[in-house]
Amino acid sequence: MEPEINSKRLKTLLDGINAFGRVKHGGFNRTGFSDADMAVRDWFAREMEADGLIVGRDGANSVFGRYGSADAPAIMVGSHLDTVVSGGAFDGALGVAVALECVRAMKEAGFAPAHPIEVAATSEEEGRFGGMLGSQTIAGLVTRDWLESAADADGVLLTDAMRAQGLEPKAILSSARPKGSVRAFLELHIEQGPVLEREAIAIGLPEGATGIVNLHVRLTGIANHSGTTPMDMRADAFAGLAEIAVQIPDMIAASGSDDARITIGKVELVPNHPHTIPGEAVFTVIIRDAREDVMRGLQARITEVAGAVARKHGLSLYIEENSFIAPVAFDASLIDMLEAEARRLGLPARRMISGAGHDAQTMTALCPSAMIFVPSRNGISHAPEEHSDWADIEKGAQLMLAALIRLSAG
């Protein structure tokens, strides 16, 4: 009996995950270490226990379920369960559900892997605290200094958020997997972009992932009455922010590449009142590119432009690098294998670059890693409208199952 994906069972599992954190206006809130995030992990652990897997957790509260030998090096497969605020139903959750469905299909068919398979539901991938905590913990990339200082956009410390949920943050530092304990890491994910849908291609095979620089920027001027302060006597923090933002296309044209992205996505104005000139603008700048030297060049350019704008408007400037994730290349032999299996299954596949950060890129520090993308409708993600057609999901799940059978058979 050949293992086969049970689509109905897979959909039920995904719906079970998305029973947690659903919000009335649409989307899901399972931000890292929130009550909903903690609850879905408990539920998913029980699901894997019911399947007879060896279930455990690490110091970051990632959840694992092992099928096969308890001690031998494993093939790890999965993604994350947390979401952004008002996120979609598929980002992360689909990869976790597909991983467990693949193991269920193997068990149902009586397939005993020569190399164990470990389902992984990583924690805090969406970067509430500036990184990809779950996979960074597995790969041994978390430092004590970062752990003790990491905070979210509202100033909540990672350590406080974990302790509020009964977790001990220091356990993260002793949770790294030893080199050689993970043979490979595979992750299925929605594309989060429009390319596969536009080109009517079933499968995306990322050859690498862009890096991410997360900058915290503060412009400080003088809050004053909007009616009595002449235009040429203002120190308007928002005017400075706007002038920086409008120069982003020119920065990319001069110093970027086709893969470069710069985004100002979160802004806070103080005092944020209709009749008051903003005295402070606090905002994030996210820089992405497939090359580290381009990323650093754009970071330097942002700093240069922000400094010039601050001087022009009489503002003080503060810039801090919250986090830096280097661009990575995925394992060539795994990509070749996935491409061969897609061809065998009759699934059109396209090699591409991932513009979003994923656990798989962090895991390259520990083991060979690769990804499978399935199309996203209209390229929308991180929003309630996020959607992938079920026919596309089934194709991606079939490819993941075929890859795991091949890798685990020895």
Side-chain angles (χ1 to χ4, degrees), residues 1-20 40-58 62-81 90 92-122 134 138 177 181-189 203 334 337-338 341-342 344-345 347 359-360 363 367 369-372 374 390 393-410:
M1 181 179 176
E2 287 293 321
E4 293 183 359
I5 295 295
N6 183 322
S7 295
K8 182 178 179 181
R9 183 171 60 197
L10 174 58
K11 188 175 188 304
T12 298
L13 179 59
L14 182 61
D15 288 344
I17 292 171
N18 286 323
F20 296 87
V40 74
R41 293 176 188 287
D42 292 343
W43 177 85
F44 192 72
R46 291 193 297 270
E47 286 287 302
M48 293 194 293
E49 287 168 353
D51 288 320
L53 305 187
I54 303 169
V55 177
R57 304 192 193 205
D58 66 9
S62 295
V63 182
F64 306 94
R66 180 176 282 241
Y67 177 45
S69 169
D71 302 317
I75 299 151
M76 190 176 286
V77 56
S79 193
H80 59 98
L81 289 172
F90 299 88
L94 179 62
V96 176
V98 166
L100 181 53
E101 169 54 30
C102 287
V103 169
R104 286 175 168 176
M106 291 178 182
K107 286 175 62 66
E108 186 176 62
F111 176 85
H115 303 294
I117 297 172
E118 189 166 8
V119 176
T122 63
I138 298 168
R177 297 292 183 98
S181 64
V182 181
R183 296 175 62 89
F185 181 83
L186 293 180
E187 181 177 12
L188 181 142
H189 207 280
I203 300 294
L334 285 177
M337 180 273 293
L338 289 169
E341 288 298 311
R344 184 180 65 83
L345 293 170
L347 300 175
D359 285 320
M363 290 295 291
C367 63
S369 300
M371 298 190 72
I372 297 169
V374 296
W390 203 252
I393 290 171
E394 290 172 347
K395 292 171 185 175
Q398 290 167 5
L399 177 57
M400 180 63 81
L401 177 59
L404 289 173
I405 290 171
R406 181 164 168 176
L407 287 174
S408 65

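We number each residue from 1, following the sequence as shown. The structure displayed is predicted, hence computed values, not measured ones.
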**Message:** Between Arg104 and Asn6, is the side-chain contact (heavy atoms from CB on, under 4.5 Å) condition met? List the steps.
**Reply:** CA-CA 9 Å; Arg104 286 175 168 176; Asn6 183 322; over 6 Å; no
**Request:** Please report the closest heavy-atom contact between Leu334 and Ala370, naming both atoms and the distance.
**Result:** CB-CB, 3.7 Å
**Request:** Identify the two heavy atoms, one from Val374 and one from Gly396, that lie closest to each other, and give their separation to 0.1 Å.
**Result:** CG1-CA, 3.8 Å
**Item:** Minimum-distance pair of heavy atoms, taken over all atoms of Glu2 and Ala109
**Value:** C-CB, 4.0 Å
**Message:** Checking Arg57 now: which residues fulfil side-chain hydrogen bond (donor to acceptor under 3.5 Å, both in side chains) with it, not counting sequence neighbours?
**Reply:** Asp42, Asn61
**Request:** Quick one: closest heavy-atom pair of Ala120 and Val96, and the distance?
**Result:** O-CG2, 4.1 Å
**Message:** Listing request: all side-chain hydrogen bond (donor to acceptor under 3.5 Å, both in side chains) pairs with a residue in residues 397-410, at least two apart in sequence or in separate chains.
**Reply:** Glu341-Arg406
**Prompt:** What pairs with Glu4 under side-chain hydrogen bond (donor to acceptor under 3.5 Å, both in side chains), at least two apart in sequence or on another chain?
**Reply:** none
**Fill in**
Minimal heavy-atom distance between Ala105 and Leu401, with the atoms involved, is CB-CD2, 4.2 Å
**Complete:** CD (Glu101) and CZ (Arg9) are apart, to the nearest 0.5 Å, by 4.0 Å
**Straight-line distance of Ser69 OG to His115 NE2, nearest 0.5 Å** = 11.0 Å
**Asked** Rounded to the nearest 0.5 Å, how far does CG of Leu338 lie from CG of Leu407?
**Response** 7.5 Å
**Message:** Just so I know, are the side chains of Leu53 and Leu100 near enough to count as touching, which here means a heavy-atom distance under 4.5 Å?
**Reply:** yes
**Item:** Pairwise distance OG1(Thr12) to CD1(Ile17) - rounded to 0.5 angstrom
**Value:** 11.5 Å
**Request:** Mark yes or no for whether Arg66, through its side chain, and Gly56, through its backbone, hold a donor-acceptor pair below 3.5 Å.
**Result:** no
**Message:** Quick check on side chain to side chain contact (heavy atoms under 4.5 Å, CB included): which of Val77, Val103, Leu399 does Leu404 satisfy it with?
**Reply:** Val77
**Request:** For the pair Met363 and Arg177, evaluate side-chain contact (heavy atoms from CB on, under 4.5 Å) and give the outcome as yes or no after the intermediate values.
**Result:** CA-CA 11 Å; Met363 290 295 291; Arg177 297 292 183 98; over 6 Å; no
**Contacts of type side-chain hydrogen bond (donor to acceptor under 3.5 Å, both in side chains), residue Lys107, not counting sequence neighbours** = none
**Message:** List the residues meeting ring-ring contact (aromatic ring centres under 6.0 Å, His included) with Phe90, not counting sequence neighbours, and say none if there are none.
**Reply:** His387
**Asked** What is the distance from atom CZ of Phe44 to atom CD of Glu49, rounded to the nearest 0.5 Å?
**Response** 11.5 Å
Report, one line per pair, each donor and acceptor closer than 3.5 Å where one atom sits in a side chain of residues 181-188; sequence neighbours left out.
| from | atom 1 | to | atom 2 | distance (Å) |
| --- | --- | --- | --- | --- |
| Ser181 | OG | Pro178 | O | 2.6 |
| Glu187 | OE1 | Ala360 | N | 3.0 |
| Glu187 | OE2 | Ser79 | OG | 2.7 |

**Prompt:** Does the side chain of Trp390 come within less than 4.5 Å of Leu14's, by heavy atoms?
**Reply:** yes
**Asked** Roughly how far, to the nearest 0.5 Å, is CG of Leu10 from CD of Glu394?
**Response** 8.0 Å
**Asked** Is Ser7 reaching over with its side chain to a backbone N or O of Ile5, donor-acceptor style, under 3.5 angstrom?
**Response** no
**Message:** Which heavy atom of Phe111 sits nearest to which heavy atom of Tyr67, and what is that distance?
**Reply:** O-OH, 2.5 Å
